[in-house]
Amino acid sequence: MGFIAENLSTYVDGFLVTLRLTAVSGLLALVWGTVIAAFRVSPLRPLRAFGTVWTETLRNTPLTLVFFGMVFVAPQFGIIPPLGFWTAVICLATYTSAFVAEAVRSGINGVNVGQAEAARAIGLTFGQTLGNVILPQAIRSVIPPLINVLIALTKNTSVAAGFAVVELVATGRRLGVGNAAAGAWVLVGVAIFYLVLTIPLGILAARIERRVAFAR
Amino acid sequence: MRTRLMVAALAAATLLLGACSSGTADGGGGDASMTDGAMDFPAGSTMAKLSDAGTITVGTKFDQPLFGLVGPDGVPEGFDVEIAKLIAGHLGISPDKIVWKETVSANREDFIERGEVDIVVATYTINDDRKQRISFAGPYYEAGQSLLTLKDNTDINGPDDLAGKSVCTVSGSTPEANLLANYPDTKVVPFGTYSECLEPLRNGQVDAVSTDNVILAGFAAENDDLEVRGEPFTAEPYGIGLAREDTDFRMWINDTLETMFADGSWTKAWEDTAGTVLPTPEPPTVDRYDLNS
C-alpha cells in the first residue's frame, strides 16, 4: 500500500490518460454508434448493408487486431497515423461504436411498432420519426446497457498500452521496472485506479435502471 | 561430517567436469562427451533433480535475432539458446530434451517465481531490483544500450542527438527507464516488443529504436536499410535468471560458465550466432554476489 501512496502522482498521470481515452473515444463511439444504428433501421438498403457490415465486422474482431490494423497495416497502404493517443482513440471509438450500435438498435426494436406507424400516419419523415419519436424512447431503455459498454471500453483502453500510449497499464509497467520488489502492489495500484472509474459507472447504471423501471 | 563429504564430492565432480570439458576442447571432439559422463550432483540439489529428470525448461526470447529467435521449425536459435544448451549439456541433458518457453521482458520474474521455467536466458539484464525477486548467475555477456536508425538518417549519431526525437522502445523495459531518466527531452514511444518498433521506424513515425546493442545488431543484420549508431551508452550485464534462494544451483551455473569461458565453448557459441555480426568480446567475469548484500 505504501508503494502506491509513494507513486500516487505517477499513477494519477496514467489514470488521466486512461480517463481521457475513455471519455473521448466513448463520446465518439456513442455518436457514431447511434448513427450506425439509424443506418441499420433506415429505409435505404445501402445504408442498412453498410451498418450491418460495420457492426458485424467490428463486433466480431478482437480489439488488438483493430489496433494492429491501424498501427501496422494501414501504413503499408500509405495511411500513416500519428502514433499514440489519437490513433488509440480512433481504434477504441471504431470498435466500441459497433457495440453501441447494437445496444441502440435493440432499444429501437423495443419501441412499440405502433409508435412508428402513428408517426408516419401524421406525416413525419423517417428522420423526424426516428429523432423525435423512436430514439427518445429507445435511448432511455438502453442507457444501462450503454453504461455496460462504457465500462467495457474503460477496461479495453488497456490494449493501447501495447501501442505507444502510456496509460494506466503502461504506467504500471514503468513503475514495475524500477520497483521489482514491490511486485504485485504495482498492479494492485493499477487495478484500484480502474475501479475508481468502473465502479461509479456501475452504480450509475443500476440507479438509472431502477428509475427507468419505475417509469414503465 | 556428512556435509563436508558432500562438499568434497561436489568439488571433485566440478574438477572432473572441468577437466573433461577442457580435454574436449583440445581434442576438438564436440559436445557428446559431456552428456555421457557420470553426473554426480549432491542429492536433493536442483542439478541432481534436473539431471535425473533428463529435461530442463528454459525461458528465452522467441523474437530476438542472434540471441533467441524461433525458426520455421519452432525451435529457437541464437547465443542465449546456445548458452542454455551448453548448461543443459553440463547437466547431461541433450538439446532436444530442452523445453523452450517464450519469456518477454515484462514477465520473466513472474515465470521464475512461479516455477514455470528452471532458468531464463533471455537477454536478461542483471540489476538490483530484479535481484530482490530472483537471482542471477553470470554475467555471460556485457551488452550496452545503443540506437538503431535508418541507414540514410544523418541526424542521429548518439544519445546526445535525441532531444526532440521520438524513440521507440519496449514498455516496462530497462532501456525505457534509462531514456526517461537520462534523456528527458526525448519522446519515448513504447510498444509491446522490439520487432514492433521496426515498421514505425521505416514509416518515419519514430526516429530511432533504442535498446541493447546486441538486440539492435540482430535487426541490422536482417534488414539492410537499418544501422546501429554510436557507441553503447550503458553497461548491461546479461545474466541467467533462476529462483532467488537456489544459491547452490546459481554457483554451479557460475562454475559452468567459467568452464565454458575457459574451454572455448563460449567463444564458439558466440561466433556461431551473434559473432556473425558483432566482434567477439572477452568473456566477462562472473559475479558470485551474496544474496543478502
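This one's a predicted model, so the numbers in the text were calculated from it and none came from an experiment. Every chain is numbered from 1 and lettered A, B, ... according to where its sequence line falls, protein lines coming before strand lines.
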Looking at [X], I'd like to know if its [atom1] atom is crowded, meaning that more than 12 non-hydrogen atoms belonging to other residues, nucleotides or ligands lie closer than 6.0 Å.
X	atom1	result
A/Arg207	CZ	no
A/Arg45	CZ	no
A/Lys155	NZ	no

Task: Ring geometry between A/Phe72 and B/Phe191 (parallel below 30°, tilted from 30 to 60°, perpendicular above 60°) - done: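 Aromatic pair B/Phe191/A/Phe72 classed tilted.
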
Open item on the list: Minimum heavy-atom separation for B/Gln205 and A/Pro81, please, with both atom names.
Closed with: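 For B/Gln205 and A/Pro81, the tightest heavy-atom pair comes out as NE2-O, 2.9 Å.
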
Open item on the list: Name the residue from B/Cys168, B/Pro200, B/Ser166 that meets the side-chain contact (heavy atoms from CB on, under 4.5 Å) definition with A/Leu83.
Closed with: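 Filter result, single survivor: B/Pro200.
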
Task: Student check: side-chain heavy atoms of A/Arg174 and B/Pro190 closer than 4.5 Å - done: yes

Measure distances from [X] to the heavy atoms of chain A and classify the residue's part below 4.5 Å as side chain, backbone, both or neither.
X	result
B/Glu113	neither
B/Ser173	backbone
B/Glu176	side chain
B/Ile134	neither

TODO: Rounded to the nearest 0.5 Å, what's the gap from CD on A/Gln76 to CD on B/Glu199? Could you check?
DONE: 5.5 Å

Open item on the list: Using a 4.5 angstrom heavy-atom cutoff, name the option from B/Val206, B/Asn203, B/Val189 with the most pairs to chain A.
Closed with: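 That would be B/Asn203.
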
